[in-house]
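Please read the structure below before turning to the comments.
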Amino acid sequence: THWRVNWDGVKGADWIGFPPKSDLANGIVGWHFPEFKWAFVLLVLPAVIALIAENTGHVKAVAEMTGADLDPYMGRAIGADGVGTVVASVVGGSPTTTYAENIGVMAATRVYSTAAYFVAAAVAIIFGFSPKFGAVISATPGGVLGGITVVLYGMIGLLGAKIWKENRVDFGNPLNLVPVAAGIIIAIGDTSLKFTDTFSLSGIALGTIVVVLGYHLAHALAPQHLRERADAERVEQTLNVVSSGDVYEQEVDDGQRR
């Protein structure tokens with residue numbers, strides 16, 4: 001009943017343009033200065049937990065792919081993500097994150113050069129001022145973008161499982177298995193927990209909270225032998241890291257690892 005790809009929007013779009021000013025009365029969403037409302041501030045605070053966990057996971061995944069120790073840069077990465085969100089939201093843009101799609105592209109192309117991503121960021125900003133380019137992206141069939149997303153997110157999931165495996169996380173221990181299993185299904189299934197008519201938690205935010213709180217709750221309520229088993233696992237993991245030489249000394253003067 002309709003073309004899979006419709007180029008009418010591309011033909012009518014300008015080559016260079018600026019987003020319109022928001023006019024919510026007429027349904028126009030564009031640039032606008034921020035408005036602060038406590039109801040919305042409290043609404044998005046739980047998402048911060050998910051973003052910190054997501055960024056940490058992405059840095060760990062890149063470290064796993066490159067073989068480099070990126071832990072010293074973890075705080076810088078999370079802080080830069082926060083700064084990016086502030087800058088974007090000041091003019092009405094959406095909050096930002098490190099995005100699993102970008103990490104998946106790294107895994108697929110094996111290109112980890114920071115210079116390449118500086119160039120990619122500059123190109124993205126330039127294309128952001130081209131309505132015609134945006135129309136081309138909008139004309140791409142959802143199945144194409146969806147198929148790419150499935151592969152990229154799948155890569156991130158497998159990299160996470162690889163990190164668990166190489167750090168010898170014992171999923172035979174219910175203290176590890178139950179919280180992670182619950183969190184994964186909640187996040188993937190987009191399960192929501194409704195508190196009021198205007199406030200609910202769902203997806204990654206709810207899944208992250210369930211994993212973090214569920215682990216500590218399970219550890220507090222578990223029998224003594226399971227707690228001792230979990231504590232022994234952590235000691236063994238620490239000894240394995242030290243013995244394998246994955247401990248790096250950071251030089252203060254030039255920031256190089258040795």
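Owing to the predicted nature of the structure, the values given are computational and were not obtained by experimental measurement.
- No donor-acceptor distance shorter than 3.5 angstrom exists from the side chain of T191 to the backbone of A187, with no hydrogens or angles considered.
- Here the CD1-CG distance, from I78 to N55, works out to 6.0 Å after rounding to the nearest 0.5 Å.
- In this structure, L217 is not a member of the same hydrophobic cluster as I185, with clusters built from ILVMFWY side-chain heavy atoms closer than 4.5 Å.
- Summarising the geometry of T208 relative to A53, their closest heavy-atom pair is CG2-CB, 3.7 Å, with the distance given to 0.1 Å.
- To the nearest 0.5 Å, atom CE of residue M74 and atom NE2 of residue H58 are 11.5 Å apart.
- Grouping the Ile, Leu, Val, Met, Phe, Trp and Tyr side chains by contacts below 4.5 angstrom, directly or via other members, places I52 apart from V211.
- Taking every heavy atom of both residues into account, D14 and P131 meet most closely at O-CD, 3.4 Å.
- Nearest heavy-atom pair, A68 versus A63, reported as atom, atom and distance to 0.1 Å: O-CB, 3.2 Å.
- Ring pair W164/F171 is perpendicular by interplanar angle, where above 60° counts as perpendicular and below 30° as parallel.
- The same ILVMFWY cluster, assembled from side-chain heavy atoms under 4.5 Å apart, contains both F18 and I125.
- Tracing side-chain contacts under 4.5 Å through hydrophobic residues (I, L, V, M, F, W, Y), one never reaches V210 starting from V212; they form parts of separate clusters.
- A116 approaches V111 most closely through the heavy-atom pair CB-CG1, 4.2 Å.
- S130 contributes no side-chain N or O that, together with a main-chain N or O of I126, makes up a donor-acceptor pair within less than 3.5 Å.
- Between D81 and T98 the shortest heavy-atom distance is OD1-N, 4.2 Å.
- Both Y112 and Y117 belong to a common hydrophobic cluster when Ile, Leu, Val, Met, Phe, Trp and Tyr are linked at side-chain heavy-atom distances under 4.5 angstrom.
- Within 6.0 Å of CZ on F195 lie more than 12 heavy atoms contributed by other residues, nucleotides or ligands.
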Test side chain to side chain contact (heavy atoms under 4.5 Å, CB included) applied to V180 and N176, step by step: CA-CA 6 Å; V180 171; N176 298 326; 5.6 Å; no
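- Expressed to the nearest 0.5 Å, how far CD1 of I186 lies from CG of L206 amounts to 5.0 Å.
- Side chain of N173 to backbone of L175: a donor-acceptor contact under 3.5 angstrom is found.
- A distance-only check finds a donor-acceptor pair linking the side chain of K132 to the backbone of A13 [under 3.5 Å].
- Within 6.0 Å of CG in L221 there are more than 12 heavy atoms belonging to other residues, nucleotides or ligands.
- At a threshold of 4.5 Å between non-hydrogen side-chain atoms, the residues V178 and Y215 do not count as touching.
- Annotation: side chain of L70 is not in contact with side chain of K60 (no heavy-atom distance under 4.5 Å).
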